[in-house]
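Take a look at the structure set out below.
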Amino acid sequence: FLEDYNIRIARHLLQGVDVWLNTPRRPYEACGTSGEKAIINGLLNFSISDGWWAEGYDGQNGWTIGPAVHDVSEEKPNADEDDSQSLFSLLENTIIPMFYDRGTSGLPEKWIAMIKRSMQTLIPRFSSERMLLEYYHDMYTPTARREQLISKDNYQLARDIADWKSKIPMRFSSLRLLEFSVEGIHGDTATVDQPFVVNAFVDPGKVEESEILIEMVIGRIEASGHMVNPDCVPLKITNRAANGVLTFSTEYSVPRNGNYYYGLRVIPYNGSLTSKEDSGLIIWG
């Protein structure tokens with residue numbers, strides 16, 4: 001009853017609201033579906049950067065209270081006081097003046113433009129249609145195809161994978177990442193759009209060449225202090241030494257300015273696995 005009552009109250013509120021205010025404590029917002037629903041009704045979100053708003057806010061489609069956070073953020077001392085000051089400052093200096101800024105037409109043109117941007121940037125991303133299509137294409141269909149492969153020929157593929165997984169830890173323990181080098185970086189600085197070369201030198205031990213996957217993982221450090229959606233760039237064999245040492249190489253260009261984290265990882269590879277990390281084994285360099 002209470003849930004139904006809240007839904008009916010929210011439905012009526014939407015009809016007479018211009019700003020959807022949401023003030024959870026970071027990081028306790030589970031999602032924030034009321035704010036997603038508000039978009040369709042032409043409301044502008046004014047929210048703590050948590051839950052869905054941490055993903056949806058782009059600086060021009062609403063307002064965020066306090067710091068703009070794009071990843072998990074731990075609760076900080078004095079967060080309530082800091083957020084309240086941010087809330088009232090934005091209301092007084094930004095939101096209210098924009099709402100009452102009327103041109104010769106008598107319409108709040110900047111406000112309407114922000115509503116349009118909010119609807120354009122958020123409705124396609126935060127909708128049940130998009131969610132269901134992603135489930136269908138990214139989960140249900142691949143899972144059905146995988147089940148057919150696994151069960152084919154009396155589950156032969158499942159037996160092959162289980163056998164490989166049981167033996168690869170011992171063989172992978174013999175592999176050694178001897179060193180890796182980066183050419184084209186001056187100190188700690190790389191030039192945007194100028195490629196640099198990464199080389200890794202590996203003693204494969206008892207691991208076959210085809211079972212070795214080496215990637216450079218590199219990503220820009222966001223405001224949260226974390227990498228978001230890093231690039232995983234595979235290295236290819238460029239030399240086989242007489243002593244068995246393999247040289248893997250790749251080129252990479254930094255796409256834009258900023259601070260970056262990067263590292264090298266070696267993973268045992270099997271094309272029949274559901275994901276490249278499925279073995280649970282990795283060497284970082």
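With a 4.5 Å cut-off on side-chain heavy atoms, Glu55 and Phe126 count as touching. Between Cys31 and Glu36 there is a side-chain heavy-atom pair separated by less than 4.5 Å. Taking 4.5 Å as the limit, every side-chain heavy atom of Pro230 sits out of range of all side-chain heavy atoms of Tyr262. Phe172 is not listed as a side-chain neighbour of Ile282, based on a closest heavy-atom distance of 4.5 Å or more. Under the 4.5 Å side-chain criterion, counting only non-hydrogen atoms from C-beta, Glu29 is not in contact with Ile48. Here the side chains of Leu178 and Val245 are in contact, with some heavy-atom distance below 4.5 Å. For the pair Ile214/Lys236, no side-chain contact is recorded, criterion being any heavy-atom separation below 4.5 Å from C-beta on. Using a 4.5 Å heavy-atom cutoff, the side chains of Ile112 and Arg117 are not in contact.
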- Message: Leu90 vs Gln85, test: side chain to side chain contact (heavy atoms under 4.5 Å, CB included). Steps then yes/no.
- Response: CA-CA 9 Å; Leu90 281 166; Gln85 291 179 0; over 6 Å; no

- I would like to know whether Ile212 and Leu175 meet side chain to side chain contact (heavy atoms under 4.5 Å, CB included); could you show each step before the answer? CA-CA 9 Å; Ile212 302 173; Leu175 182 146; 3.9 Å; yes

- Message: As a quick check of understanding, evaluate ring-ring contact (aromatic ring centres under 6.0 Å, His included) for Phe46 and Trp20, giving each step before the final call.
- Response: CA-CA 6 Å; Phe46 181 31; Trp20 199 253; over 10 Å; no

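Side-chain atoms of Thr141 come within 3.5 Å of backbone N or O of Tyr136 as a donor-acceptor pair. Judged by distance alone, the side chain of Asn45 and the main-chain N or O of Gly35 form a donor-acceptor pair under 3.5 Å. With hydrogens and angles ignored, the 3.5 Å screen pairs a side-chain donor or acceptor of Ser86 with a backbone N or O of Gly66. Asn61 contributes a side-chain N or O that, together with a main-chain N or O of Gly56, makes up a donor-acceptor pair within less than 3.5 Å. Side chain of Ser118 to main chain of Met114: no donor-acceptor pair is present (N/O by atom type, distance under 3.5 Å, no hydrogens or angles). Between the Ser174 side chain and the Lys206 main chain, a donor and an acceptor come within less than 3.5 Å of each other.
Comment: Arg171 does not engage Glu208 in a salt bridge, judged by the lack of any side-chain N to carboxylate O separation of less than 4.0 angstrom. Checked for salt-bridge contact, Lys167 and Asp163 meet the test: a charged N lies under 4.0 Å from a carboxylate O.
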Identify every side-chain donor-acceptor pair in residues 264-272 under 3.5 Å, counting partners at least two apart or on other chains, and give the distances.
{"residue": "Arg265", "atom": "NE", "partner": "Glu215", "partner atom": "OE1", "Å": "2.9"}
{"residue": "Arg265", "atom": "NH2", "partner": "Glu215", "partner atom": "OE1", "Å": "2.8"}
{"residue": "Arg265", "atom": "NH2", "partner": "Glu277", "partner atom": "OE2", "Å": "3.4"}
{"residue": "Asn270", "atom": "OD1", "partner": "Ser272", "partner atom": "N", "Å": "2.9"}

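Between Arg26 and the choices Asp50, Asp82, Asp83, the salt bridge (Lys or Arg N to Asp or Glu O under 4.0 Å) rule is met once, by Asp83.
A distance of 11.5 Å separates OG of Ser181 from CZ of Phe196, quoted to the nearest 0.5 Å.
Linking Ile, Leu, Val, Met, Phe, Trp and Tyr whenever their side-chain heavy atoms come within less than 4.5 Å puts Ile115 and Tyr100 in one cluster. Leu213 and Ile283 are not part of a single hydrophobic cluster, where members link through side-chain heavy atoms under 4.5 Å apart. Clustering ILVMFWY residues whenever any of their side-chain heavy atoms sit less than 4.5 angstrom apart, transitively, puts Ile96 in the very cluster that holds Trp63. Both Phe88 and Met98 are part of a single hydrophobic cluster, where members link through side-chain heavy atoms under 4.5 Å apart. In the hydrophobic clustering of this structure, Ile185 does not group with Phe201; members are Ile, Leu, Val, Met, Phe, Trp, Tyr whose side-chain heavy atoms approach within less than 4.5 Å, directly or through other members.
Pairing each heavy atom of Glu81 with each of Ser84, the nearest pair is O-OG, 2.7 Å.
Looking at Trp164 and Glu211, their side chains do bring a donor and an acceptor atom within 3.5 Å of each other.
In this structure, Arg256 forms no cation-pi arrangement with Tyr260, as its terminal cationic atom is not both closer than 6.0 Å to the ring centre and no more than 45° off the ring axis.
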